[in-house]
Structure formats: structure tokens, C-alpha cells
Amino acid sequence: MSGKLYVVATPIGNLADISYRALDTLKSVDVIAAEDTRHVKLLLNHHGISRPLLSLHQHNEDHMSETLLRRLQDGESIALVSDAGTPLISDPGLPLVRLAKQADITVSPIPGPCALIAALSASGLALSRFSFEGFLPRTASARKDFFTAKLADSSTWAFYESSHRILDALHDMAEIYPEDHDVVIARELTKLHETIVKGRLADVLHRVTNDANMRKGEFVVIVAGCEQPKDTALTDEQQRILKILLRECSTKTAAALAADITGQRRKLLYQAALDMQGDQAAVQE
Ligand code: SAM
């Protein structure tokens, strides 16, 4: 019988943010694979847990994942944890999870803290759709190219940032995004100095520039989606089809048939049909 791989979320600051299931799992597995064993020891000691630890980080995970796979195949159960939050979210673990799944080993998530989700939940921005961009490129020019591409994104998006780059990132963003664009900075979530600032990009940048405390700690930045210009123009072909249909049918029917034929939005075609009829009436007068 193979063992099971548990992907266990751990606190992002406040050590009390850990589920009963996570604690039970950490207590019961054969080994805990941790990004930094010293770091996870603090958490385990806090909760009176003592289990064998193994280190699995970005520099050894390709090789170490093979070793862990063999242990899983030998029937051991393993908990994968990162330094903070949910493993694999901008954290190590993907090679191990992939290998385990390829080998038909059960991979079970033990959900819990994640800085991204915590920040989004308190952001006040629209969340019916959102995307996560991890850490942004490190050079200013690559970042500006990235921000330029994101102007085409109509949904909320988020990225992780460190204290070293938060100001540079916001500066670069202010060169590309409108100054009144809505952004949220979620800093030091669940910790003593938790701060969540929502406002116009220019105001948030001003605050981070002028308040040194606002450049300390760990950050999630959330950016509102950009409203996209509506495609109101019909193609020549769509106009031609609509005109032909208008000769034979009512405005409503012509718009409906043209929508079926062209795939264009019915409302847009109906408005265009009204405009065409208006133009025609003006010519006849
Ligand atoms: N796996 C983690 C998670 O689920 O959130 C993220 C790990 S990633 C290597 C670390 C980054 O997450 C930090 O640089 C910061 O951007 C963000 N982060 C982690 N903890 C945070 C916190 N308490 N408050 C704000 N951002 C945090």
C-alpha cells in the first residue's frame, strides 16, 4: 500500500491560524517535508508537535522529490509544508506533487492560510473573476512591459511583492496606469502591523513613498481590472448583411437574423439598424 501526500497550509504570520486537520496531519505523518526545517520547527514547537523533518526547497526539490516518492511508494505518509501559507503558491512542491500524481499516489490538500486569498478577501475589489501573477519581473523595463499588457485585463489581479521592490513596483505602475486607478496594498497580513490600504494609485504611491513603515514587511498588491473600450463598430460585412435584411424584415427581425448569421451581439445590431433607418429617413427628407 502506498502512503499519502498531504499538502498542508500553515500560518502566514499568526501561529494560531492553523486548522485542527492540519495539526492532526502534522502529528500523524511519518515525515514532514519542509521548505526550511528551522522555520517549521517554530510552528511545531508552538503546537507541541515532534515529527521527523526533511528539507525540500527550490534548490534540491528535483532530486529530493524522487527520494520522497520512493518513501511514499514504500507506504510512508508525508506532509508537505512551506515557510508560510499554502505550498506551491509561489513556493516549492510542484515536482513532488507531479511525481506523486504520476505514480497514482493520493495527494490530499489540507487547506488554510494563503496571503493571496486573505488579501483578496479583504480588498473590497470585484472578485467574480481574478488572476494571480506571482512575483513581478525584477527589472523596471520588464515590469513596465508587464503593466502595459495588464491594461488589457478587465478583471481584478494580484501580485506578491517584497519590501525591497514595493516602491519601485508602484512607481513603474504609476507610469503606465491612470493615477486614479484603484489598487489595494495588503501588508503584514495577520501580523501585528497588518495594514490594508485601498485607494487611487497616486494616493497609495504617495503614502508608501512618505511612510517608511509602509515599505516594511511582506506585501500583496491587488489591482482593479481596467474597463475595456466596448466594441461598438460593425464590420463592413456585418453592415452589408444587416442592410439586406432590413429591406425585407422589421428592425427587430433583421437584427435577430443578422446576429444569428454573423455572431455579433443582437443589441449592437439592433442599434445599428435603427441608426441606418434614421440615416435613410434623413436622406429622404
Ligand atoms: N505560499 C505563500 C502563500 O500561500 O501566501 C506565499 C509564499 S511567497 C514565497 C511569499 C510572499 O507572499 C511574500 O513575499 C509576500 O508577497 C506574500 N506574503 C506572505 N505572507 C504575507 C503576509 N503575512 N502579508 C502579506 N503578504 C504576505
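When a ligand or atom number is given, it counts from 1 through the structure's own listing order. Heavy-atom basis, side chains included; hydrogens, waters and symmetry copies ignored.
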Look only at the side chain of Arg70 and the backbone of Ser65, and say whether a donor-acceptor pair between them is shorter than 3.5 Å.
no

So, do Pro137 and Arg143 sit near enough that their side-chain heavy atoms are less than 4.5 Å apart?
yes

At under 4.0 Å between heavy atoms, is it the side chain or the backbone of Lys191 that contacts ligand 1, or both, or neither?
side chain

Per-atom contacts, ligand 1 versus Glu188 - under 4.0 Å to a heavy atom:
23 (N), 24 (N), 25 (C)

Ring centroids only, cut at 6.0 angstrom: are Phe159 and Phe219 within range, meaning strictly under it?
no

The protein heavy atom nearest to atom 15 (C) of ligand 1 is Phe219 O, 3.4 Å

Examine distances only and state if a side-chain atom of Thr195 and a backbone atom of His193 form a donor-acceptor pair shorter than 3.5 Å.
yes

Could you say whether the N/O atoms of Ile89 and ligand 1 ever approach to under 3.5 Å?
yes

Enclosure of Asp180 CG (heavy-atom neighbours >12, cutoff 6.0 Å)
yes

Taking everything shown except His206 itself, do over 12 heavy atoms lie less than 6.0 Å from its NE2?
no

With a 4.0 Å cut-off on heavy atoms, is Thr190 in contact with ligand 1?
no

Could you check whether Lys191 pairs with Glu218 (Lys NZ or Arg NE/NH1/NH2 to Asp/Glu carboxylate O, under 4.0 Å)?
yes

Report the member of Gly134, Ala115, Gly85, Ser82 with the shortest heavy-atom distance to atom 18 (N) of ligand 1.
Ala115

Using a 4.0 Å heavy-atom threshold (strictly under), name the region of Ala186 that reaches ligand 1: side chain, backbone, both or neither.
backbone

Say whether Asp91, considering both its backbone and side-chain N or O atoms, lies within less than 3.5 Å of an N or O atom on ligand 1.
yes

Identity and distance of the protein heavy atom lying nearest atom 9 (C) of ligand 1
Ser90 O, 3.1 Å

According to a 4.5 Å side-chain heavy-atom criterion applied to Ile, Leu, Val, Met, Phe, Trp and Tyr, with indirect links allowed, do Phe132 and Phe147 form part of one hydrophobic cluster?
no

Would Ser162 count as a polar contact of ligand 1, with the cut-off being nitrogen or oxygen pairs under 3.5 Å?
no

Heavy-atom gap Phe159 to ligand 1 smaller than 4.0 Å
no

In the protein, what heavy atom is nearest to atom 24 (N) of ligand 1, and what distance, to one decimal place, separates them?
Leu189 N, 2.8 Å

Taking the side chain as every heavy atom from C-beta outward, state whether His181 and Cys226 have any pair of such atoms under 4.5 Å apart.
yes

Between Arg200 and Asp203, is there a side-chain N and carboxylate O pair less than 4.0 Å apart?
yes

How far is atom 13 (C) of ligand 1 from the closest protein heavy atom, and which atom is that?
Glu218 OE2, 3.5 Å

Protein heavy atom at shortest distance from atom 17 (C) of ligand 1
Tyr160 CD2, 3.7 Å

Numbered atoms of ligand 1 (with element) below 4.0 Å of Ala84, judged on heavy atoms:
1 (N), 2 (C), 3 (C)

the protein heavy atom lying closest to atom 10 (C) of ligand 1 turns out to be Phe135 CZ, 4.0 Å

Among all protein heavy atoms, pick out the one at the shortest distance from atom 4 (O) of ligand 1; state its residue, atom name and that distance to 0.1 Å.
Thr86 N, 2.8 Å

Would you indicate whether Lys252, at its atom NZ, is surrounded by more than 12 heavy atoms from other residues, nucleotides or ligands within a distance under 6.0 Å?
no

